[in-house]
Amino acid sequence: MYRSHNCGALRIDHVGQEVTLSGWVQIGRDLGGMTFVDLRDRYGITQLAFNMDDNADLCEQARKLGREFVIKVTGIVNERQSKNANRPTGDIEIKVSHLEVLNASKTPPFTIENETDGGDDIRMKYRYLDIRRNPVKENLIFRSNLAIETRKYLAGEGFIEVETPNLIKSTPEGARDFVVPSRMNANQFYALPQSPQTFKQLLMVAGMDKYFQIVKCFRDEDLRADRQPEFTQIDCEMAFVTREDVLNTFEGLTKHLFSTVKNITLDDFPKMSYDEAMRRFGSDKPDLRFDMEFIYLNEQLKGKDFVVFDGAENIIGIVVKGIADEYSNKDLKKLTEWVQRPQIGAKGLVYVKHHADDTIKSTIGKFFSEEELRSVLSHCGAEKGDTLFVLCGETEKTRKQLNELRLEMGRRLGLMKEGDFKPLWVIDFPLLEWDEESERFHAMHHPFTSPKAEDEERMLNGDHETMKSLRADAYDLVINGSEIGGGSIRIHDRELQSKNLDLLGFSKEEAEAQFGFLLGAFEYGAPPHGGIAFGFDRLCAVLNGQSSIRDFIAFPKNNQGRDIMIDAPSPIDDEQLTELRLDLVKQEE
RNA sequence: AGUAUCGUGACUCAACUGGUAGAGUGUCCGACUGUCUCUCGGAAAGUUGCGGGUUCGAAUCCCGUCGGUACUGCCA
């Protein structure tokens with residue numbers, strides 16, 4: 001027997017019992033006459049006590065233990081003479097009578113402690129040691145709880161979990177596919193799924209009614225802190241539903257998860273159209289933890305012979321509370337440079353400071369009288385101490401830039417408070433997106449998304465401009481400015497689906513070759529259906545107020561998509577290549 | 001692919017912006033009978049990622065390269 005209890009289990013009531021514990025040596029404290037060893041496992045830390053007077057040999061053995069040795073001990077639970085209130089097991093210790101080293105350990109490259117993590121590269125290389133650390137360990141436990149509660153809730157709602165294949169067919173739409181050569185079918189390839197999209201729709205045609213799956217998805221695109229090449233979705237599809245049914249189900253799921261895993265009760269989620277989100281916040285995933293809403297200032301600021309404003313399509317501002325006296329000219333210059341960085345690309349930054357002493361200072365003082373500036377400030381609801389920031393230019397770009405500034409100011413002023421959760425449904429996304437480069441439409445969500453019922457007629461007959469204005473029955477859940485997931489009501493009519501593929505630039509033959517199986521299925525009684533998918537990794541991170549999903553994944557990949565620990569991807573044998581009938585092209589430059 | 005930033009003992013960082021590479025943690029040795037980040041004494045440990053260049057002199061400046069991270073492009 002390796003253990004009768006774990007290292008987090010023993011309390012004062014166990015005093016007198018003989019127990020056996022196994023675990024890792026966290027640290028030893030050698031006091032000469034006696035030695036204490038902290039024994040750690042997933043559940044906690046228990047102190048082991050060795051005394052020279054009781055058993056000198058054993059005490060000598062304990063002194064020789066190094067960090068991260070795996071040991072097994074047997075002994076009597078004793079009440080401590082000096083207790084440690086900081087640990088759940090702090091009232092007791094084990095008076096060890098038997099010690100066995102199950103496995104020695106080299107000194108780890110970084111110490112297994114909450115704070116003293118090494119750099120990212122060394123943590124990833126020794127991920128199995130990193131996971132021994134409390135923060136990472138707890139993240140993985142949190143993830144597990146979230147998955148278990150998701151299954152509980154959806155099962156309770158009558159959903160069934162169906163697995164879909166990982167070796168599927170490559171499609172040109174959307175992200176790049178990871179591709180797997182087929183040995184048995186020479187010169188042909190599977191693709192790993194970017195999502196189980198078509199399969200879950202086929203399950204609806206198959207009458208499975210309410211499907212879900214916690215499933216790995218794969219996209220061969222560049223990585224970010226919140227993006228991995230393989231990631232996990234809570235994927236779901238329902239038949240005979242409207243948008244409201246889908247939203248209600250997943251609002252219910254989200255509330256359930258917050259309440260069971262975080263003990264937080266969420267109010268009903270507000271809804272906002274895509275257009276409104278873009279207009280008020282310049283983003284399709286606005287962070288509603290703070291306001292700083294956009295204020296449109298064409299009327300107030302145009303026609304005063306300031307060419308920059310007069311030539312702009314739109315002039316938009318935000319009011320930042322209470323920084324007028326805090327931000328020096330130098331600070332504002334730095335902020336201006338910040339918005340001028342190529343990543344944001346604003347031409348300049350106009351500000352109007354309303355100081356606490358009621359004076360006004362502005363970059364556009366030359367072009368506007370003080371009275372005019374005061375009137376603008378009051379139009380914007382700015383008070384003493386506030387600063388109005390203004391960007392101008394082409395509407396879409398300006399909104400995007402001002403969104404970045406808004407988020408930056410929110411960060412600087414500490415308005416993104418930990419423990420504050422502001423969910424939002426963004427609805428009525430555009431159906432199609434015009435891509436200048438390829439001169440064709442892309443599906444904004446995906447090619448199976450249904451237009452809103454009232455737009456269906458226009459979709460069938462409209463011209464190019466009409467197509468740009470079509471709205472889809474598509475929706476995203478946004479929490480604290482992070483896109484948690486999205487979905488749509490799907491097309492279930494063969495003709496409408498064909499039309500949509502046609503708009504997306506597929507010829508009849510291409511459409512048949514790529515999606516024939518789905519179009520065919522639609523001819524055998526496809527029910528109206530819709531669904532949604534949540535990014536599971538991102539949900540874990542957002543619930544914990546973190547922006548990186550890596551520490552919620554046991555073995556994540558780095559920026560280059562590499563697994564540092566196992567060193568993948570890697571070359572393969574010539575034999576394997578031959579078997580797969582693959583030739584490698586020499587890399588040039 | 002681009003931009004920014006970082007790379008210094010095992011780990012985390014410092015080194016006055018060009019003038020003898022240091023500290024904490026860890027490791028090793030020794031002392032210590034109630035510690036719990038034990039304490040105290042001592043020791044070992046560095047080709048400053050790599051390759052060039054400028055200079056009397058480079059961790060520091062320049063060029064290149066490799067690697068980490070963040071962002072942009074990209075990601076229905």
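Chain A is the first sequence line, chain B the second, and so forth, proteins listed ahead of strands; every chain is numbered from 1.
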Would you say A:Arg29 places a side-chain N or O within less than 4.0 Å of OP1 or OP2 belonging to B:U35? no
Given the P atoms of B:G41 and B:C32, what is the spacing between them in whole Å? 16 Å
Got a sec: does the NZ of A:Lys397 have more than 12 other heavy atoms crowding it under 6.0 Å? no
Could you please spell out the steps behind the side chain to side chain contact (heavy atoms under 4.5 Å, CB included) verdict for A:Trp24 and A:Ile112? CA-CA 10 Å; A:Trp24 287 262; A:Ile112 313 302; over 6 Å; no
A:Asp130 atom CG is separated from B:C11 atom C1', nearest whole Å, by 13 Å
Which atoms of nucleotides 26-28 of chain B (N or O only) lie under 3.5 Å from a protein N or O atom, and what are those distances?
from  : atom 1 : to      : atom 2 : distance (Å)
B:G26 : O3'    : A:Arg67 : NE     : 3.2
B:U27 : OP1    : A:Arg67 : NE     : 3.0

Mind checking who B:C61 pairs with, Watson-Crick or G-U wobble, both distances under 3.5 Å? B:G53
By the 4.0 Å heavy-atom rule, please label A:Ser195 as base, sugar-phosphate, or nothing. base
Looking at A:Arg289, I want to see if its CZ is surrounded by more than 12 non-hydrogen atoms of other residues, nucleotides or ligands under 6.0 Å. yes
In this structure, how many angstroms lie between the C1' atom of B:C75 and the CD atom of A:Glu433, rounded? 12 Å
Nucleotide opposite B:U3 in a Watson-Crick or G-U pair, distances under 3.5 Å: B:A70
Rounded interatomic separation in angstrom, taking CD from A:Gln47 and P from B:C36: 10 Å
For A:Glu337, look at atom CD and say whether over 12 heavy atoms of other residues, nucleotides or ligands are found less than 6.0 Å away. yes
If the glycosidic angle sits within 90 degrees of zero it is syn, else anti. Tell me which applies to B:U17. syn
Taking atom P of B:U25 as reference, at what distance in whole Å does atom CD1 of A:Ile112 sit? 18 Å
Take atom CG of A:Asn84 and atom C1' of B:C38, then tell me their distance rounded to the nearest Å. 12 Å
CD/A:Glu394: more than 12 non-hydrogen atoms of other groups inside 6.0 Å: yes
Heavy-atom closest contact (A:Gln546 atom, A:Phe552 atom, distance): OE1-CE1, 3.6 Å
Starting at NZ of A:Lys125 and ending at C1' of B:A10, how long is that distance when rounded to a whole Å? 12 Å
For B:C36, does the base pair up with any side-chain atom of A:Asn86 as donor and acceptor (N or O, under 3.5 Å, distance only)? no
Whole angstrom value for the distance that separates P of B:U25 from CD of A:Gln26: 17 Å
Near A:Lys347 NZ, under 6.0 Å, is it more than 12 heavy atoms from other residues, nucleotides or ligands? no
Complementary nucleotide for B:C13 - Watson-Crick or wobble, under 3.5 Å: B:G22
5'-most contact on RNA chain B: A:Gly28 or A:Met34, nearest heavy atom basis? A:Met34
If I take atom CD in residue A:Glu68 and atom P in nucleotide B:C11, what distance separates them, rounded to the nearest angstrom? 17 Å
In whole Å, what separates the P atom of B:U3 from that of B:U8? 24 Å
For the C1' atoms, the ones on B:A59 and on B:G22, what distance do you get once it is rounded to whole angstrom? 12 Å
Footprint string (nucleotides 66-72 of chain B, 5' to 3'): B base within contact, S backbone only, - free, heavy atoms under 4.0 Å: --SBBBB
Considering residues, nucleotides and ligands other than A:Lys83, do more than 12 of their heavy atoms fall under 6.0 Å from its NZ? yes
Touch check for A:Gly32, heavy atoms < 4.0 angstrom, all strands: base, sugar-phosphate only, or nothing? base
Between B:C6 and B:A31, how far is it from one P atom to the other, in whole Å? 47 Å
Decide, yes or no, whether a salt bridge links A:Asp502 with A:Arg440 under the criterion of side-chain N to carboxylate O below 4.0 Å. no
Tell me whether A:Lys557 at atom NZ has more than 12 heavy atoms from other residues, nucleotides or ligands lying less than 6.0 Å away. yes
The side chain to side chain contact (heavy atoms under 4.5 Å, CB included) partner of A:Leu21 among A:Ile94, A:Asp41, A:Asn6 is A:Ile94
Atom P, compared across B:U25 and B:C40: separation rounded to whole Å: 9 Å
Just call it for A:Ile122: base, sugar-phosphate, or nothing, with non-hydrogen atoms closer than 4.0 Å on any strand. sugar-phosphate
On a whole-Å scale, what distance lies between the P atoms belonging to B:U48 and B:C11? 15 Å
Please state whether the base of B:C11 and the side chain of A:Arg123 form at least one donor-acceptor pair under 3.5 Å? no
Looking at B:U35, which nucleotide sits across from it as a Watson-Crick or G-U wobble partner, both distances under 3.5 angstrom, or is there none? none
Could you let me know what B:G41 is paired to, Watson-Crick or G-U wobble, both distances under 3.5 Å, or none if it's on its own? B:C29
Say you pick atom C1' in B:U55 and the same atom in B:C61; how far apart are they, in whole Å? 10 Å
Determine, answering yes or no, if A:Phe36 is stacked on B:U35 under the 5.5 Å centre rule and the 30° plane rule. yes
Please say which of A:Glu237, A:His529, A:Gln201, A:Gln497 ends up in a side-chain hydrogen bond (donor to acceptor under 3.5 Å, both in side chains) with A:Arg490. A:Glu237
Could you work out the separation of B:U60 and B:A14 based on their C1' atoms and round it to a whole Å? 13 Å
